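What you see is a predicted model; the values in this text were computed from it and never measured.
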Amino acid sequence: MGAAFNVLYGLLYVVLREQLTAQPANALALVLSTIAGTFGHRYITFGVRGTDRTVQHQVLGLALLAFSLAVTAGALWVLDATVAEPSRRQELAVLIAANLGTGLVRFCAFRVAMLDQSRAPRPTAP
């Protein structure tokens, strides 16, 4: 599941990078893929159904977005500081690597936040 959202992130970055510089394209791609990823993880990965705690899960996703943005923006900064004119392919490779690492952190945080709800017994009919 996480791989699909990394692909989405990469595709969004490539499309947005045509019109924006690297940092804004990264930030916007990350915001959009994080929101989609949070809904996807709730439903598919952790089996959370309904609207209970949707707001809390999205807030967690957005808080983790700040962490991911710091890591990916830092990775772009390091690339820019070490390579005179980085190619789009180099930018994308660095961002995907950074996003894979932060994705593991997101998964673990979501697992802790959503595991209680997905494993809770379902109410039975009388």
Mind checking whether [X] and [Y] sit in one hydrophobic cluster, side chains of I, L, V, M, F, W, Y counted as touching below 4.5 Å?
{"X": "L100", "Y": "V31", "value": "yes"}
{"X": "I96", "Y": "Y13", "value": "yes"}
{"X": "Y9", "Y": "L11", "value": "no"}

Who passes side-chain contact (heavy atoms from CB on, under 4.5 Å) against [X], sequence neighbours left out?
{"X": "F107", "answer": "T45, F46, R111"}
{"X": "A93", "answer": "none"}
{"X": "S87", "answer": "R89, Q90"}

(request) Taking R106 for its side chain and A109 for its backbone only, find out whether a donor-acceptor pair lies under 3.5 Å. (result) no
(message) Would L30 and N99 count as a side chain to side chain contact (heavy atoms under 4.5 Å, CB included) here? Give the steps.
(response) CA-CA 9 Å; L30 203 52; N99 205 32; 3.7 Å; yes
(request) Decide yes or no for L28 and L12: does some side-chain heavy atom of the first lie under 4.5 Å from some side-chain heavy atom of the second? (result) no
(request) First locate atom CZ of F5, then atom CG of L32, and finally report the distance between them rounded to the nearest 0.5 Å. (result) 12.5 Å
(request) Could you grab the distance from atom CG of L62 to atom OG1 of T34, nearest 0.5 Å is fine? (result) 7.5 Å
Side-chain donor-acceptor pairs under 3.5 Å in residues 69-82, sequence neighbours left out?
residue : atom : partner : partner atom : Å
T72     : OG1  : N26     : OD1          : 3.4
T72     : OG1  : N26     : ND2          : 2.9
T72     : OG1  : S68     : O            : 2.9
T72     : OG1  : L69     : O            : 3.4
T82     : OG1  : V78     : O            : 2.9
T82     : OG1  : L79     : O            : 3.3

(message) If I compare all heavy atoms of E91 with all of A22, which pair ends up nearest, and what's the gap?
(response) OE2-CB, 3.9 Å
(message) Ignoring hydrogens, what is the shortest heavy-atom contact between L60 and A113? Give both atom names and the distance.
(response) CD2-CB, 3.5 Å
(message) Quick one, L92 with V14, criterion side chain to side chain contact (heavy atoms under 4.5 Å, CB included). Give me CA distance, side-chain angles, the key distance, then yes/no.
(response) CA-CA 8 Å; L92 190 58; V14 168; 3.7 Å; yes
(message) I'd like to check the salt bridge (charged side-chain N to carboxylate O under 4.0 Å, His left out) partners of E18; sequence neighbours left out, ordered by chain and number.
(response) R88
(message) Does anything in residues 27-36 form a salt bridge (charged side-chain N to carboxylate O under 4.0 Å, His left out)? List the pairs, not counting sequence neighbours.
(response) none
